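These notes are about the structure you will find just below.
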Amino acid sequence: MRDKTSTIFGIYPVKEALSSKIVFDKVFIQKGIDSDKIENIIKDLERENIPVSIVPFEKLNKLTKGNHQGIVAVTSPVAFHSLEEVVEKVLENKKAPLFLILDQITDVRNFGAILRTAECTGVDAVIIQKTGGAPVSGDTVKTSAGAIFKIPICKVEHIKDAIFYLQGSGITTIAATEKTQSEIYSLDLTAPLAIIMGSEDKGVSKSVLSLVDQKASLPLLGEINSLNVSVACGALLYEVTRQRRL
């Protein structure tokens with residue numbers, strides 16, 4: 001059955017949902033469960049390229065109070081877009097597109113707030129990884145103030161592949177990190193851009209930092225050495241907006 005938190009739980013409800021038009025964000029399977037029916041569902045999920053996470057029984061109990069039978073699916077309120085199709089379409093219609101890549105943002109409230117700011121600053125698409133990030137859920141809709149319905153979200157297997165594709169399409173990639181002396185205000189942000197924001201605890205991953213064209217920081221004048229990721233993202237995107245309006 002389906003509950004108010006945008007989850008579907010139980011073997012038959014999940015199986016039925018797979019054959020419908022419901023969009024899945026990810027599916028959680030109980031670790032160590034021995035069930036031919038669930039094994040068949042996993043094969044169907046893999047065929048549809050839907051992310052699957054193997055988790056302890058206790059994790060499923062936190063997701064729903066119902067009889068989950070070892071499987072809980074988190075649904076998405078929006079359909080996801082193909083990165084290639086979105087980039088091709090945007091480049092045909094815009095000289096200086098702006099993309100936003102989220103590298104493992106895990107907090108739903110941060111995710112929603114970032115989507116809201118992205119929509120307000122004219123971001124053409126938000127790119128996320130299929131695994132490891134915050135779910136696209138009802139909470140995301142609420143926090144984003146509906147922005148999630150107005151901006152394309154592209155899910156990719158790996159952030160690194162998205163970066164390679166964007167760079168090959170003539171888009172400059174800039175990672176937000178405190179591990180650089182280059183402040184965002186010193187960079188030219190009028191060209192086609194993709195801004196990369198990292199996770200709340202670790203920032204942009206080292207493997208991603210090694211691939212980007214440029215790195216950018218924000219000045220921190222107090223004693224605290226970091227900003228909330230949604231606040232930092234807002235500052236960066238509005239600097240892009242400022243430069244492009246000059």
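Note that the structure is a prediction, hence the values are computed from the model and not measured.
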Look at the side chain of Thr140 and the backbone N and O of Pro135, then say whether any donor-acceptor pair between them is shorter than 3.5 Å. yes
Is it true that the side chains of Thr172 and Asp213 contain a donor and an acceptor less than 3.5 Å apart? no
Under 3.5 Å, side chain of Ser19 to main-chain N/O of Glu16, donor-acceptor pair present? yes
Side chains of Val55 and Ile29: closer than 4.5 Å at any heavy-atom pair? no
Heavy-atom side-chain proximity of Phe149 to Val78 below 4.5 angstrom: yes
Do side-chain atoms of Gln129 reach the backbone of Ile159 as a donor and acceptor pair under 3.5 angstrom? yes
Heavy-atom neighbours of Tyr12 OH exceed 12 at 6.0 Å: no
Look at atom CD of Glu183 and say whether more than 12 heavy atoms of other residues, nucleotides or ligands are closer to it than 6.0 Å. yes
Strictly distance-based, threshold 3.5 Å: is any side-chain N or O of Arg244 a donor or acceptor partner for the main-chain N or O of Ala191? yes
Using atom types as modelled and distance alone, determine if a side-chain donor or acceptor of Lys59 lies under 3.5 Å from a backbone N or O of Gln30. no
Between Arg242 and Glu239, does at least one N-O distance fall below 4.0 Å, as a salt bridge requires? yes
Please check if the side chain of Gln243 supplies one atom and the backbone of Asp188 the other of a donor-acceptor pair under 3.5 Å. no
Is any NZ, NE, NH1 or NH2 atom of the basic residue among Lys94 and Asp124 found under 4.0 Å from an Asp or Glu carboxylate oxygen of the other? yes
Any side-chain heavy atom of Lys150 within less than 4.5 Å of one from Leu115? no
Taking everything shown except Glu92 itself, do over 12 heavy atoms lie less than 6.0 Å from its CD? yes
Considering the options Ile71, Ile11, Asn40, which one meets the side chain to side chain contact (heavy atoms under 4.5 Å, CB included) requirement together with Ser35? Ile11
From the options Asp161, Leu193, Ile101, Ile196, select the one residue that forms a side chain to side chain contact (heavy atoms under 4.5 Å, CB included) with Leu166. Ile101
Quick check: does any side chain N or O of Thr180 sit under 3.5 Å from a backbone N or O of Ser182, one acting as donor and the other as acceptor? yes
Just so I know, are the side chains of Lys43 and Leu45 near enough to count as touching, which here means a heavy-atom distance under 4.5 Å? no
So, does Gln69 use its side chain to make a donor-acceptor pair with the main chain of Ile38 at under 3.5 Å? no
Identify whether Val208 and Ile171 are in the same connected component of the hydrophobic contact network (ILVMFWY, side-chain heavy atoms under 4.5 Å). yes
Is there side-chain contact between Gln104 and Val204, with at least one heavy-atom pair below 4.5 Å? no
Cation-pi check, Lys31 to Phe57: give yes when NZ or CZ is under 6.0 Å from the six-membered ring centre and within 45° of the ring axis, no otherwise. no
For the pair His158 (side chain) and Lys160 (backbone), establish whether a donor and an acceptor sit closer than 3.5 Å, ignoring hydrogens and angles. no
Can you confirm whether more than 12 heavy atoms, excluding those of Asn93, are under 6.0 Å from its CG atom? yes
For the residue pair Asp25 and Phe80, establish whether any side-chain heavy-atom pair is separated by less than 4.5 Å. yes
Would a 4.5 Å heavy-atom cut-off, applied to side chains only, mark Leu218 and Tyr185 as touching? yes
Test item: side-chain donor near acceptor, Asn225 and Glu178, under 3.5 Å: no
Residues Asp139 and Lys142 bridged, charged N to O under 4.0 Å: no
Using modelled atom types only, decide if a donor and an acceptor are shared between the side chain of Thr117 and the backbone of Ala113 within a distance under 3.5 Å. yes
Do the side chains of Val52 and Val136 join up, straight or via other hydrophobic residues, at under 4.5 Å, putting them in one cluster? no
Just wondering, do Val240 and Ile184 contact through their side chains at under 4.5 Å, heavy atoms? no
NZ of Lys130: more than 12 outside heavy atoms within 6.0 angstrom? yes
Could you tell me whether the side chains of Thr173 and Gln214 share a donor-acceptor contact shorter than 3.5 Å? no
